[in-house]
Amino acid sequence: MLLGCASAFGFDASWIVVDSDAGDASVVMEGSWTYRAIGQGNNSTYDHDGNTLKGSKSVQLIPNLPVNSTYNVYLNWVSNNNRASNVPVTITCDGGSSTVIVNQRNPGDWVLLGSYPFLAGTGGGLLIETTGTDGYVIADAAAWEAVEESYDPSEINVVATIPETTDGDMRNNLAEFFDDTNPTAIDAAPGMEIAHDGTNILISASRNPAASLLDVQLETATMLNDWQPAASALDVAAGSNGANDLLLFEVPVNNDGHQFWRTAVSQPDSLQRAKGGIAFWSFDTQFDGTGEAATGITYLTGFKSPPVISQSGSATASVVYGGADAFFGPDSNTWSGTGHSLSWSAGSTGNVFSVELNTLQKKEISVRFDVRSSLPRFSARTYDTGMGPLVVPDADLMLTDDGTFKEWTIDLSLLDAVNSRSNVVLTWSFDDLAGDGFFQIDNVVISGAGRAKSQLVRNLEAGRLLQHVVVLGTSLTENGAYVGLLSDALNSSYDGLANVFNSGKAGKNSDYGVANFNSLVIEKEPDTLFIEYGINDSVERFDLSVADAWTNLTYIVDGTLASFPDCEIILMTMTPGDKYDSGHTSYRKDIQDYYAMYRTFARERGYLVIDHYSSWTALQTNDVALFNSYVPDTIHPGAPGNEAVVLPVLMDVLGISETK
């Protein structure tokens, strides 16, 4: 049973459907809604809130259900990029209410909101609200599908309760799993109430509305060891974020011998939300043979590769004890005692502490560490994604200079520039240390949330009809091996369901794309459109300003969505393109400004941007010989470069499964 994980299904005539235009007691509207009859939506109509008077409008859809049962609940809407991405939808069922946040910019063809127990009649329903939403809210139709035999709630009896365990941090693991904090005993079995109705085992639990998706699976054992997934249990995504979720496992009760049950909970890899990541270092007892603390990673999950910590300064201490007294690491170890730390001694100058990491498929990066300092503040805090160090906006640089270890954190969740990059360098600088100065860092934790898979991959994974993928761009697209590699990867992973059109044209820029828009894009009927014109829009002979390039990009994007409102837009930056000097007809003027415009455009509209420029500049900086072998003219990658650099980033950012 799937709870709270949105995935699309086709309409089934056996469903109980309530449409917003029913005009009877099954629909309760609050506020002024606009009726649209334009051949879209269930019954070719839908209502919207006009994107006004948020919080004063709502639509309640009330089904008349024939039997007591668990029902799959579906919602239908007409998607567009001007829709709200955060529509609260509350399902009221037998057992309470549960709220799901719906993104109506995504395809809305009968999206499964979850499975819930309902009694026969009109006691339950679904409520669409507009409070706090960031675009037009659509009210179209909802459907209920019975998924099991009817049951009598009075027959459910509690038969066992799994103890709530703790891992030494004074909080039980059940609470930690379900309010989305960090249980340090990763494999601990959280406590849940278990009941059965004589046939099936039922589990009920609640979770914090702010918590992210989790995989919940029932496991069984006969002797409290050798735990295995229950044979007929299905993974459950406990992401409906309500106070009274009912997680139902259809597991026959075995009365022939002892049976023990527990739940296994983890962040999902296979759902639309990619898995988050966490990396942890403690320098307490690690030494490299010279007495210095080793900077090898202690704990890593979710990141593509281990982040690397480095320090520099004229007097980094080789043997300085006095690490933080205690810290509960995410690997369940308790680091304590007089440990080792990254240290700078009195008189040290040029003091820098850095973390280099790969954030592909990650967003909302944050950093915490323990710091002991004689200084009142850091002098600077920067990030670098391949274009030189930039100051982190609004960073708190203050420290506590009382000579004791204090926790220091920075939340980069609003800094989109460090999301999903092949190379990000975070750097802290601090002033020279006086004759009695000191600086120590210990227990570093880097974390990041998973980023959603692309709409293209979600559609392919759902087995939708053939997906038309149009790649629009320059010679890097027309003659670039990456287009064929992308096509092969998609069709190998998703059974030939991707039809990839190469609409690149050598020596052209976005002016050409606008002039030939219909033949390059519209006639291909795109489900996904990639655009990479930035490298040629910057060519001096075209005399196209950044503002003009923005106008052209707007024309292509808006024109595509006018004909194909469900089309996913993906922007791409490419190579540095620095072969020609000023005065040459192909000189690329201020190319970084054109790439920055792509990032801004994507961020403002909520589109995916695949920043190959960061990958190429990082390679050019770190291994110029390899870069030159991949991109001999600094502009056009050959097939080996496309395969080694471009394709892995495409697969990672789009969320493409490994090829078969």
Side-chain angles (χ1 to χ4, degrees), residues 6-11 38-41 76-83 85 102-112 138 140 271-272 274 451-473 477 482-504 513 516-533 553-572 598 601-602 605-610 647 650-657 659:
S7 61
F9 296 79
F11 175 78
I38 58 172
Q40 291 179 283
N76 199 69
W77 66 83
V78 178
S79 62
N80 198 304
N81 285 316
N82 66 0
R83 308 306 196 222
S85 66
V102 171
N103 185 348
Q104 293 192 333
R105 297 171 189 172
N106 290 338
D109 181 20
W110 296 111
V111 175
L112 177 65
I138 305 303
D140 182 12
L271 303 178
Q272 293 180 18
R451 189 174 47 75
K453 294 180 181 179
S454 64
Q455 175 182 296
L456 168 62
V457 167
R458 297 200 306 269
N459 287 345
L460 291 168
E461 288 182 343
R464 291 196 167 199
L465 297 177
L466 184 69
Q467 296 291 295
H468 288 198
V469 180
V470 177
V471 189
L472 188 64
T477 292
Y482 83 87
V483 181
L485 292 168
L486 174 62
S487 177
D488 291 344
L490 289 171
N491 286 302
S492 174
S493 296
Y494 307 111
D495 301 321
L497 286 177
N499 192 1
V500 179
F501 298 92
N502 190 331
S503 285
N516 298 275
F517 174 60
N518 284 333
S519 62
L520 294 175
V521 180
I522 296 300
E523 292 177 7
K524 309 296 193 298
E525 300 181 356
D527 297 292
T528 299
L529 175 63
F530 290 82
I531 305 174
E532 72 85 6
Y533 276 128
L553 186 57
T554 301
Y555 178 92
I556 293 169
V557 169
D558 289 351
T560 300
L561 295 175
S563 297
F564 304 99
D566 292 337
C567 182
E568 179 181 28
I569 306 297
I570 300 175
L571 307 184
M572 293 194 295
Y598 266 44
F601 189 97
R605 292 198 174 207
Y607 298 152
L608 187 62
V609 59
I610 301 179
L647 181 63
L650 280 169
M651 292 184 66
D652 232 39
V653 176
L654 294 175
I656 301 173
S657 300
T659 54

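Keep in mind the model is a prediction, meaning the values are calculated, not measured. Basis for what follows: all heavy atoms, side chains included, without hydrogens, waters or symmetry-related copies.
Partners of Glu525 according to the side-chain contact (heavy atoms from CB on, under 4.5 Å) rule, which considers only residues two or more places apart in sequence or in another chain, are His468, Phe564. Among residues two or more places apart in sequence or in another chain, the side-chain contact (heavy atoms from CB on, under 4.5 Å) test is passed with Ser79 by Trp77, Asp566. Contacts of Tyr607 classified as ring pair (Phe, Tyr, Trp, His ring centres under 6.0 Å), with partners at least two apart in sequence or in another chain: none. Under the side-chain hydrogen bond (donor to acceptor under 3.5 Å, both in side chains) criterion, Asp527 pairs with no residue at all, not counting sequence neighbours. Remark: Phe601 engages Trp550 in a ring pair (Phe, Tyr, Trp, His ring centres under 6.0 Å) (not counting sequence neighbours). Judged as a side-chain contact (heavy atoms from CB on, under 4.5 Å), and not counting sequence neighbours, the contacts of Asn518 are Ile522. Take Thr560 and apply the side-chain hydrogen bond (donor to acceptor under 3.5 Å, both in side chains) test, not counting sequence neighbours, and it matches no residue. Arg83 is linked by a salt bridge (Lys or Arg N to Asp or Glu O under 4.0 Å) to nothing, counting only residues two or more places apart in sequence or in another chain. Contacts of Tyr598 classified as side-chain hydrogen bond (donor to acceptor under 3.5 Å, both in side chains), with partners at least two apart in sequence or in another chain: none. Annotation: side-chain hydrogen bond (donor to acceptor under 3.5 Å, both in side chains) contacts of Glu568 (sequence neighbours excluded): none.
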For Asn80 and Ile138, what are the C-alpha separation, side-chain angles and deciding distance, and is it a side chain to side chain contact (heavy atoms under 4.5 Å, CB included)? CA-CA 10 Å; Asn80 198 304; Ile138 305 303; over 6 Å; no

Please step through side chain to side chain contact (heavy atoms under 4.5 Å, CB included) for the pair Ile556 and Leu520, ending with a clear verdict. CA-CA 10 Å; Ile556 293 169; Leu520 294 175; over 6 Å; no

Where do Val521 and Phe501 land on the side chain to side chain contact (heavy atoms under 4.5 Å, CB included) test, with the steps shown first? CA-CA 9 Å; Val521 180; Phe501 298 92; over 6 Å; no

Would you sort out whether Met572 and Leu650 count as a side chain to side chain contact (heavy atoms under 4.5 Å, CB included), showing the intermediate values? CA-CA 10 Å; Met572 293 194 295; Leu650 280 169; 4.0 Å; yes

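Of the residues listed (Val500, Asn502, Asn499, Leu460), the one engaging Val469 in a side-chain contact (heavy atoms from CB on, under 4.5 Å) is Val500, and it is the only one.
Looking only at distances, no side-chain donor or acceptor of Ser503 sits under 3.5 Å from a matching main-chain atom of Leu472. The closest donor-acceptor contact from the side chain of Asn106 to the backbone of Gln455 lies at 3.5 Å or more, if one exists at all.
Listed here is the closest heavy atom pair of Cys567 and Leu561: O-CD2, 3.5 Å. In terms of heavy atoms, Arg105 sits closest to Asn81 at NE-O, 3.7 Å. Contact record, Ser85 with Asn103: CA-OD1, 3.3 Å, taken as the closest heavy-atom pair. Leu490 and Ala498 make their closest contact through CB-CB, 3.8 Å (heavy atoms, listed as atom of the first residue, atom of the second, distance). Here the closest heavy-atom approach between residue Asn76 and residue Gly108 is recorded as OD1-O, 2.9 Å. Among all heavy-atom pairs drawn from Asn459 and Gln467, the shortest one is ND2-OE1, 3.3 Å.
One finds the CZ atom of Phe530 at 8.0 Å from the CG atom of Leu608 (value rounded to the nearest 0.5 Å).
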